[in-house]
Amino acid sequence: MKLLLLTWCVVGCTGSLALAGDHPALKSIFNGKDFSGWKVPEEARACWIAENGILKVRSSPEKKGSTLWTTTEFKDFVMTFEFKMGEGTIDSGIFMRNDHDQIQIGISGSLKRDMTASPYIPGKGYPVEAKGVKELLKTDDWNSMKIEATGKTYISWLNGKKVMTYTSESAVEKGPVGIQLHGNRDMAIDYRNIKIASVE
């Protein structure tokens, strides 16, 4: 009996360790106090504020759009973060290794409704819509999102639930990750705990 238990423990523990190793260690890419590791757009510097662990994104009086890019480029990756919607018409999102493929956060300018966690692809619009977002999304509290980019496939999770999978013909192999402030909007959104891991 002891031998059987020992054998099970060795096999089981080894299997667990192997599974744990399949998940890359996420590393913070936003230190919460400045923009080390990011390229802040000079023409819209006032729209991006790092304060007390939070990335505050605010539209300017001119309502010009801009994007905050990582200085590092990524191939396949997993990204996690939290976001909280503020006042105005929220239209933000995460650019996926280029300046066209994006995972939307907030209101679609073309559809005039919330398309959070759905992919926006120029020329295709929103080819798929994330499922169950209306029930999952908290409009007055922090939300968690996870995004995975593997090859040309994007997967998104909202508040712990997988809501979207899409394979994009326009995906690129490698590039930076960007956070969007859409132009022509009066809006505020906060981000925190922004982490990323490359997937080999």
Side-chain angles (χ1 to χ4, degrees), residues 24-109 114-120 136-149 154 156-160 172 174-199:
L26 291 159
K27 294 182 179 180
S28 175
I29 56 172
F30 174 62
N31 65 23
K33 58 184 180 181
D34 60 38
F35 290 101
S36 300
W38 297 84
K39 297 177 183 177
V40 184
E42 287 296 332
E43 71 282 3
R45 182 169 287 273
C47 296
W48 305 90
I49 304 163
E51 187 176 77
N52 298 323
I54 297 174
L55 169 59
K56 298 181 178 181
V57 187
R58 303 290 186 267
S59 55
S60 66
E62 300 78 20
K63 300 179 184 176
K64 291 183 179 180
S66 64
T67 303
L68 185 71
W69 292 101
T70 59
T71 57
T72 301
E73 294 189 342
F74 302 92
K75 289 186 178 179
D76 294 348
F77 68 88
V78 174
M79 180 181 185
T80 63
F81 57 91
E82 294 173 281
F83 67 92
K84 184 178 181 180
M85 296 176 168
E87 297 180 353
T89 302
I90 311 305
D91 192 343
S92 185
I94 307 299
F95 281 114
M96 307 294 286
R97 301 177 296 207
N98 56 50
D99 62 358
H100 42 84
D101 285 16
Q102 180 194 107
I103 304 302
Q104 173 78 18
I105 297 175
I107 304 298
S108 158
D114 197 292
M115 292 296 288
T116 294
S118 299
Y120 175 76
L136 292 168
L137 184 66
K138 294 175 280 189
T139 57
D140 57 356
D141 202 353
W142 289 98
N143 297 272
S144 66
M145 182 175 283
K146 181 170 111 175
I147 299 171
E148 180 179 313
Y154 306 140
S156 63
W157 289 257
L158 180 63
N159 291 326
V172 299
K174 184 178 182 179
V177 171
I179 299 176
Q180 183 197 38
L181 167 62
H182 203 292
N184 301 314
R185 307 283 190 277
D186 186 9
M187 58 163 281
I189 185 171
D190 294 341
Y191 291 88
R192 70 181 183 186
N193 296 326
I194 307 171
K195 301 178 181 180
I196 202 164
S198 293
V199 180

I need the minimum non-hydrogen distance between [X] and [Y], along with the two atoms involved.
X	Y	value
Ala25	Ala197	O-CB, 3.4 Å
Ser144	Gly160	OG-N, 4.0 Å
Asn98	Asp101	OD1-N, 2.7 Å
Thr67	Gly178	CG2-CA, 3.9 Å

Is the count of non-hydrogen atoms from other residues, nucleotides or ligands lying under 6.0 Å from Glu73 atom CD greater than 12? yes

Steps toward side chain to side chain contact (heavy atoms under 4.5 Å, CB included) verdict (Glu148, Val199): CA-CA 9 Å; Glu148 180 179 313; Val199 180; 5.6 Å; no

Start with the C-alpha gap between Gln180 and Gln102, add the side-chain angles, then the distance that decides, and say whether side chain to side chain contact (heavy atoms under 4.5 Å, CB included) holds. CA-CA 9 Å; Gln180 183 197 38; Gln102 180 194 107; 3.0 Å; yes

Flag side-chain contact, heavy atom, 4.5 Å: [X] against [Y]:
X	Y	value
Thr89	Asp186	no
Ile94	Ile179	yes
Phe35	Trp48	yes
Ile103	Met79	no
Thr116	Met145	yes

Rounded distance (nearest 0.5 Å) linking atom [atom1] of [X] with atom [atom2] of [Y]:
X	Y	atom1	atom2	answer
Lys138	Met85	NZ	CE	12.0 Å
Tyr154	Met96	OH	CE	5.5 Å
Phe30	Ile196	CZ	CD1	14.5 Å
Thr71	Lys39	OG1	NZ	7.0 Å
His182	Met187	NE2	CE	10.0 Å
Ile194	Ser28	CD1	OG	7.5 Å

For [Y], is there any backbone N or O sitting under 3.5 Å from a side-chain donor or acceptor partner on [X]?
X	Y	answer
Ser66	Leu181	no
Trp38	Ile29	yes
Arg185	Ile90	no
Asn193	Glu82	no
Asp141	Thr139	no
Asp190	Lys84	no
Ser92	Ile105	no

So Phe95 and Trp69, would you call those rings parallel, tilted or perpendicular, with 30° and 60° as cut-offs? parallel

With no hydrogens and no angle check, do the side chains of Gln104 and Asp91 hold a donor and an acceptor under 3.5 Å apart? yes

Pair Leu55, Phe81 - check side chain to side chain contact (heavy atoms under 4.5 Å, CB included), show working. CA-CA 11 Å; Leu55 169 59; Phe81 57 91; over 6 Å; no

Give the C-alpha distance, both sets of side-chain angles, the deciding distance and a yes or no for side chain to side chain contact (heavy atoms under 4.5 Å, CB included) between Phe77 and Val177. CA-CA 10 Å; Phe77 68 88; Val177 171; 3.8 Å; yes

